[in-house]
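Naming: A, B, ... by sequence-line order, numbering from 1 per chain.
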Protein chains: 2
Amino acid sequence: MPTIRDVAKRAGVGIATVSRVLNGSSQVRESTRQRVLDAIADLNYSPNQAARRLSSGKTFTIGVVSPFFTFPSFVERLTGIQDVLDESEYDLVLYSIRSTEQLQRRLRILIGENRVDGLIVLSLPFSERDLRTLKPDFPIVTVDNSPAWHYPSVVIDDVAGGALATRYLIEHGHRALGFVGDRTDSVFRFTSTERRLEGFRNALTEAGLEFRETWCWQGEHSQEAARQAAWRILQQPNRPSAIFAAMDTLAFGVLQAVREMGMRVPEDVAVIGFDDIAAAGYVNLTTVSQHLVESGRIAAQRMLDWLRSGEIERTPVQLPLKIVERATV
Amino acid sequence: MPTIRDVAKRAGVGIATVSRVLNGSSQVRESTRQRVLDAIADLNYSPNQAARRLSSGKTFTIGVVSPFFTFPSFVERLTGIQDVLDESEYDLVLYSIRSTEQLQRRLRILIGENRVDGLIVLSLPFSERDLRTLKPDFPIVTVDNSPAWHYPSVVIDDVAGGALATRYLIEHGHRALGFVGDRTDSVFRFTSTERRLEGFRNALTEAGLEFRETWCWQGEHSQEAARQAAWRILQQPNRPSAIFAAMDTLAFGVLQAVREMGMRVPEDVAVIGFDDIAAAGYVNLTTVSQHLVESGRIAAQRMLDWLRSGEIERTPVQLPLKIVERATV
DNA sequence: TCCCAAGATGGAAACGTTTCCAAGCGCCGT
DNA sequence: ACGGCGCTTGGAAACGTTTCCATCTTGGGA
């Protein structure tokens, strides 16, 4: 492999000049630049990344830290991030996390070892203070975390979203509403379901409707669990006419149960989800879109801005929510 | 940030010894090792990756090259890769590709610049010879490419898979079979649909059944296109009683059309897909599983083996296919 | 024609590891 | 008591860039 020294020799210049050409410095005469470029082409040279990184102290790498990478929503966010990073000079490295303790350790290592220039953290609450003492202004952008952070963030208003979905059902004539959601995760402490439920209750109260424990369920985050829950809820003689599922994946379980029970959607039971993952389109699920892909795109863009300008724009970006009307309400 | 020199000083040893401890060399006395470990802990030291990489000539990084990251199947493969890499000392870097020319260029750069120790290429045909002249034994593992490669690969038998799905329909009493698939991609030249169609025709011939052009369609890879195609196919007075969709995403479009037309699945029209992406479970689609996640896992494992042992196991791994019986046949 | 500022250029240090090689040390056998 | 061997250890070179700083050019104004 040719090195920068070979290029310098071939072009008849010093290595500093080659480096300047490589990095687009304007301090190089056009004729010299051309000679260097020719030499580079002749030798089929490309700079060694490890050396660049060591010398410049930058890694040209952005890390994405996400919970164990299995929910569709993370994947869609990742897609958005990938989209914008792909156009930049930064590499995208993926780190997946299995527990909150592991998260904190991982973050410290990533920052300490200088493995990445910046970190995008998806949906994972972490100790901000701990990190700040380590390196006060290490670039971190969070997505789907509390907006009260020291770091830039991209968020949605889950309470408003829950209310939005609920009101939509009410507007469509439903008066008996059920709720299906997962339980606050013991490992990661995701709390969006709680907040969506809060919105659900608010909207019910607002409309003078009753919140019934027996029409609601919270449990494991899986389609199967949601399916069984829906069975239980809908078997009651006095059953709800519509169900709000706190996430699309759960809504799929509900739909499955409804069909198994020989009822029709939306005539017998209406179902609305939350997230608008791609699969929601496949099954024609009416749901609340939270612009997942866009959230990733924005996060990546903010990271890039920060890295390039050195300036931090701390105000959180709050993404709008909207009902996607499809066939289940 | 403390460096290896600080650790050495604190522990009262030479930097070489610290390095040996860091890299688990057995040539260090236990008491010394302990002293070094203590110093590391005291200083909260972690080695600088860029320096390691430069000095050792390894990047501790594996690149995954995939087509523009939007089909569920790539994501699922990626999940498998992530799974196993996560347990290793290697980082996973994501590269997405928009065209075949870009692919070849990307590969050359990645290999030339020493940015990764190995590359896993998903579903993308590339010029093997070109790369081999560049660096003869650069570690590359391919997934879902032709098995005729010089490099280790993970593949499936699409022809057999097409036949498998078709025979399954026939066994369930269907005699009039339709086919919906995408057209060979102009950008990437994915050919699996063609091969699955070949299997379809083979199975038809084998069973003495007729292949009808008017029951078949090939076009754009999208749910919407598939939906429209299914409408056209099923509106004919003489319509097929079952449809084989070459990919699950297309099958979703077909299902949508069937429901829109007021017909029932599987009573009026049976549908079988191919791939078994996660969303297939959501909608209860009967399909051919090609073990997507597993394919990623195996590819990553083979890469790791290669990197660690230095030995290349060239025989392709062919994953089995199996029918996943759900509710649409 | 001369001088000076701004623009180009080159040399060398610095980045923080790994690893080669030489040397120190303790222990064993004779 | 001595020589030698093997296990430990340390110093220093090497990895290939970027960048500071000094030096050399060049062009324009007086």
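- At the heavy-atom level, B:T3 lies under 4.0 Å from the strands shown only through sugar-phosphate atoms.
- Under the 6.0 Å cut-off for aromatic ring centres, A:H221 and A:F190 do not qualify, their centroids lying 6.0 Å or more apart.
- Salt bridge present: B:R314 and B:D137 bring a charged side-chain N and a carboxylate O closer than 4.0 Å.
- For the pair B:R52 and B:F60, the distance from NZ or CZ to the six-membered ring centre is under 6.0 Å and the angle to the ring normal is within 45 degrees.
- By the 4.0 Å N-to-carboxylate-O rule, A:R106 lies close enough to B:D86 to be salt-bridged with it.
- Between A:Q290 and A:L319 the shortest side-chain heavy-atom distance does not fall below 4.5 Å.
- Looking only at distances, no side-chain donor or acceptor of B:T142 sits under 3.5 Å from a matching main-chain atom of B:N145.
- Using modelled atom types, one finds no donor on one side chain facing an acceptor on the other under 3.5 Å when comparing B:T59 with B:R53.
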Might you work through the salt bridge (charged side-chain N to carboxylate O under 4.0 Å, His left out) test for B:E101 and B:R105, ending with a clear yes or no?
CA-CA 6 Å; B:E101 305 77 59; B:R105 195 156 33 88; over 6 Å; no
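- For A:R308, the CZ atom is densely surrounded, since the number of other residues' heavy atoms within 6.0 Å is greater than 12.
- For DNA chain D, the span of nucleotides reached by chain A at under 4.0 Å from its heavy atoms goes, 5' to 3', from D:dG16 to D:dT19.
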Give me, pair by pair, the N or O atoms of the protein and of nucleotides 6-11 of chain C that are less than 3.5 Å apart, along with how far apart they are.
residue	atom	partner	partner atom	Å
C:dT9	OP1	A:T32	OG1	2.5
C:dT9	OP2	A:R29	N	3.1
C:dT9	OP2	A:T32	OG1	3.3
C:dG10	OP2	A:G14	N	2.5
C:dG10	OP2	A:T17	OG1	2.8
C:dG10	O5'	A:G14	N	3.4
C:dG10	N7	A:R20	NH2	2.9
C:dG10	O6	A:R20	NH1	3.4

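- Looking only at atom types and distance, the side chain of A:E113 has no donor-acceptor partner in the side chain of B:S46 under 3.5 Å away.
- Using a 4.0 Å cut-off on heavy atoms, the residues of residues 37-50 of chain A that approach DNA chain D are A:Y45, A:P47, A:N48, listed by number.
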